[in-house]
Each structure stands twice: as structure tokens, then as C-alpha cells.
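Quick notes on the structure that follows.
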Number of protein chains: 2
Amino acid sequence: MRDLMTDRIEQWKARGFDPNNCPVRMVLDHVAAKWTSLILLELEKEPQRFNALGRALPDISKRMLTQSLRDLERDGMVRRKVYDTKPPSVEYSLTDVGLSFMAPFSQLLDWAEKNQSQILAARSGYDKS
Amino acid sequence: MRDLMTDRIEQWKARGFDPNNCPVRMVLDHVAAKWTSLILLELEKEPQRFNALGRALPDISKRMLTQSLRDLERDGMVRRKVYDTKPPSVEYSLTDVGLSFMAPFSQLLDWAEKNQSQILAARSGYDKS
DNA sequence: CAGGATCCTACATGATACTG
DNA sequence: CAGTATCATGTAGGATCCTG
């Protein structure tokens with residue numbers, strides 16, 4: 001793996017790597033953002049409507065829910081379907097791309113859960129000294 | 001996988017899930033931060049000294065390089081070794097935890113590279129309408 | 001060489017109020 | 001119900017200068 005990763009970096013640099021305009025970061029930004037990955041997790045359970053999502057993520061504001069959903073929709077990871085009823089109802093669901101993201105993402109979550117105690121230990125050790 | 005992920009969320013919520021104090025986010029923050037994951041990638045190639053890292057990541061400021069390295073050291077992902085020479089020399093390397101992180105992380109990078117063209121296409125389609 | 005200390009700004013997010 | 005609009009703020013990150 002070492003060599004593969006090394007090659008990867010060399011390739012990026014060869015193409016004129018710019019961390020502010022990086023195709024990988026454009027993906028990582030979803031992981032980074034405060035709510036997007038949680039929204040994806042919720043939508044993986046089942047397609048849900050706007051306010052249902054809001055209730056599932058109790059601390060999110062409508063503002064951030066809207067914005068996060070727009071970001072995900074823009075990148076083709078979430079599909080927005082409007083039913084022309086009254087009052088309107090809007091259902092959000094994962095696209096195939098969004099669903100395929102869950103595989104590597106859940107690997108990362110696994111790693112996080114497995115290593116969190118060690119990390120917390122290292123952290124408090126560091127903070128004491 | 002669906003059920004596993006669903007269970008995971010339910011467990012988090014049962015424990016009183018708080019996105020501002022989330023053990024998983026504490027890990028994701030490294031992915032999120034602008035430089036930490038790039039630093040890990042560089043250190044995976046080989047242990048390196050402070051200024052060597054700075055040259056490998058041309059756009060990083062000394063301030064952020066220092067801070068990112070401290071964060072990673074604090075979490076036990078990077079080891080800092082000071083050689084008492086004159087002028088001083090400091091070598092940074094991955095710990096076992098840091099190295100083990102590269103496996104799930106590189107899966108995420110794979111996904112990002114495989115899907116970036118689709119995502120960019122979705123994005124420009126969205127922006128046009 | 002490997003940083004520490006300061007100052008500053010931009011942007012991500014939150015709070016609140018309003019609407020078709 | 002599903003948003004939009006506006007204002008407020010905390011903080012990540014950059015720029016610059018200094019030091020053992």
C-alpha cells in the first residue's frame with residue numbers, strides 16, 4: 001500500500017496539486033462538514049422527508065439542514081423528490097453514488113470506534129504533561 | 001450493512017448523542033482539517049523533519065504545520081522525536097495508530113478518485129439549472 | 001532549524017423571523 | 001410542510017515578526 005499511496009501523491013503533485021482546489025478534498029468536505037455525513041446515515045436507513053430528518057437530527061437548524069441537503073443534492077449524492085400535494089411534501093433519498101459512499105465511510109467509522117479509547121488515552125496523557 | 005449502520009446510530013442516540021461532543025467526530029476532524037491528512041500521507045512515505053514536511057506541502061504555513069503536528073501528536077497518531085544536535089533537528093513519524101488509520105482512509109481516497117468525475121458532472125448540471 | 005506569539009480576516013454555523 | 005432571508009458569532013486558518 002505504501003507505494004500506491006506514494007504514487008498517488010506524486011501524481012497529484014505532477015498535476016499541479018492545490019489543496020484549495022483538490023478533487024479529493026471536494027469529497028472529504030462532506031465528511032468534514034458538521035451534518036452531511038449524519039444526514040447520509042439517516043437517509044441510508046430510509047428515505048425521509050424534510051421535517052422527519054430534522055427530528056432525527058435534533059440539534060440541526062432548518063438552515064443547516066436545507067444547506068446540507070442542497071450540497072449533497074448538488075453533488076448527486078442525494079435525490080430530492082417533490083410531491084405536489086398541499087401542504088407540500090418533499091422526500092429525500094440516497095442516489096447510487098450516495099449509497100456507494102457508505103462503504104468506505106463505514107470503514108472509517110469502524111476505525112474510529114475501534115481506536116477511540118486509545119486516542120482518548122493518548123490525548124489525556126498529552127494534556128497532563 | 002444497512003442494519004449495522006442503523007444499529008450504530010441507534011446506539012449513539014441511546015448514549016445521548018451530541019454532535020458537538022462525538023467520539024467519531026473527534027476522529028473525523030482529522031480528515032476534515034485542512035492539512036492533517038496530507039501530513040499523514042507524507043509521513044507514511046517516510047519519517048520526515050519539520051522543514052522537510054514544510055517543503056513537501058508547499059502551501060502550508062509554519063503555524064499550521066506546527067499546530068497540525070501537535071494535534072496529531074496529541075492523539076497519538078504521530079511521534080515527535082527530538083535529536084539534541086545544534087541546530088536542533090526534530091523528526092516526525094507515524095505511530096502504529098497513525099499507520100492503521102491509513103487503511104480506511106485510503107479506501108475513502110479510492111472512492112473519491114473513482115467518483116470525482118461523476119460528482120463534478122452532477123455539480124455542473126445542478127449549477128446550470 | 002524548529003518553532004512561539006500576535007494580530008487579523010473569512011467563512012461555517014447558529015438564532016430568529018417570515019412565507020407560499 | 002418546507003423552506004428563505006437576515007443578522008450575529010466563533011473559530012480555523014493566514015500573515016508577520018520574533019527566538020533559543
Side-chain angles (χ1 to χ4, degrees), chain A residues 18-22 25-39 42-43 46-75 78-93 126 129, chain B residues 17-22 25-39 42-43 47-75 78-93 126 129:
Chain A
D18 173 9
N20 289 317
N21 183 16
C22 168
R25 188 180 306 280
M26 126 192 136
V27 170
L28 296 190
D29 280 347
H30 289 312
V31 182
K34 194 167 185 181
W35 298 107
T36 43
S37 50
L38 283 171
I39 290 175
E42 274 299 326
L43 290 182
E46 53 183 347
Q48 285 180 62
R49 294 171 51 182
F50 185 86
N51 279 342
L53 273 173
R55 282 187 294 273
L57 279 2
D59 291 349
I60 196 172
S61 62
K62 287 188 168 199
R63 185 188 182 290
M64 286 316 295
L65 181 54
T66 303
Q67 182 178 309
S68 306
L69 285 168
R70 291 288 173 279
D71 288 347
L72 292 169
E73 189 195 356
R74 182 167 107 104
D75 282 6
V78 159
R79 181 175 20 247
R80 179 172 180 271
K81 213 186 223 163
V82 182
Y83 295 95
D84 203 359
T85 58
K86 224 182 93 166
S89 107
V90 180
E91 187 187 70
Y92 292 92
S93 57
Y126 183 95
S129 61
Chain B
F17 175 71
D18 172 10
N20 289 316
N21 183 15
C22 168
R25 190 183 305 281
M26 128 193 137
V27 170
L28 297 190
D29 279 347
H30 290 312
V31 182
K34 194 166 181 180
W35 297 107
T36 42
S37 50
L38 283 172
I39 290 175
E42 274 298 325
L43 290 182
Q48 285 182 61
R49 295 171 51 183
F50 184 85
N51 279 343
L53 272 173
R55 282 187 294 273
L57 280 1
D59 290 348
I60 195 172
S61 62
K62 288 188 167 199
R63 184 187 183 289
M64 286 316 295
L65 181 54
T66 303
Q67 182 178 309
S68 305
L69 284 168
R70 291 289 173 278
D71 288 348
L72 292 169
E73 189 195 357
R74 184 168 106 104
D75 283 5
V78 158
R79 182 175 18 248
R80 179 171 180 272
K81 212 185 223 165
V82 181
Y83 295 96
D84 205 359
T85 58
K86 223 182 94 162
S89 109
V90 180
E91 187 188 69
Y92 292 92
S93 57
Y126 184 95
S129 61

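In what follows, every heavy atom counts, from backbone to side chain, and hydrogens, waters and symmetry copies are set aside. Chain identifiers are assigned alphabetically (A, B, ...) following the order of the sequence lines, protein sequences preceding nucleic acid strands; residue numbering begins at 1 within each chain.
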Rounding to a whole Å, what distance do you find between [X]:[atom1] and [N]:[atom2]?
X: B:Asn51; N: C:dG4; atom1: CG; atom2: C1'; result: 15 Å
X: A:Asp84; N: D:dC1; atom1: CG; atom2: P; result: 17 Å
X: A:Ile60; N: C:dA12; atom1: CD1; atom2: C1'; result: 13 Å
X: A:Arg49; N: D:dG3; atom1: CZ; atom2: C1'; result: 13 Å
X: A:Asp29; N: D:dA12; atom1: CG; atom2: P; result: 16 Å
X: A:Lys62; N: C:dA17; atom1: NZ; atom2: C1'; result: 12 Å
X: B:Leu57; N: D:dG13; atom1: CG; atom2: P; result: 13 Å
X: B:Asp71; N: D:dT11; atom1: CG; atom2: P; result: 15 Å

Could you work out which one of [options] sits closest to the side chain of [X]?
X: A:Phe50; options: D:dA2, D:dG13, C:dG3; answer: D:dA2
X: A:Arg70; options: D:dT4, D:dG13, C:dG14; answer: D:dT4
X: A:Ser61; options: C:dG14, C:dC1, D:dT4; answer: C:dG14
X: A:Arg63; options: C:dG14, D:dG3, D:dG14; answer: C:dG14
X: B:Thr66; options: D:dA2, C:dG4, C:dT13; answer: C:dG4

>> Working note: B:Trp35 + B:Asp59, criterion side-chain contact (heavy atoms from CB on, under 4.5 Å); need CA distance, chi angles, decisive distance, verdict.
In response: CA-CA 10 Å; B:Trp35 297 107; B:Asp59 290 348; 3.9 Å; yes
>> Please classify the nucleic acid contact of A:Tyr92 as base, sugar-phosphate, or nothing, using heavy-atom distances under 4.0 Å.
In response: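 Sugar-phosphate only.
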Test item: [X] side-chain N/O and [Y] main-chain N/O as donor-acceptor pair under 3.5 Å:
X: B:Gln48; Y: B:Glu42; answer: yes
X: A:Arg25; Y: B:Lys34; answer: yes
X: B:Ser93; Y: B:Pro47; answer: no
X: A:Ser68; Y: A:Leu65; answer: no

>> Nearest heavy atom decides the nucleotide; on that basis, is A:Pro87 or B:Pro88 closer to the 5' end of DNA chain D?
In response: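 This one resolves to A:Pro87.
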> Which comes earlier along DNA chain C counting from the 5' end, the contact point of B:Val90 or that of A:Met64, where each point is its nearest nucleotide?
Replying inline: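 Looking at DNA chain C, the more 5' nearest nucleotide goes with B:Val90.
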> Could one point to a donor on the side chain of A:Lys34 or the base of C:dA12 with an acceptor on the other under 3.5 Å away?
Replying inline: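 Check fails, no donor-acceptor contact within cut-off.
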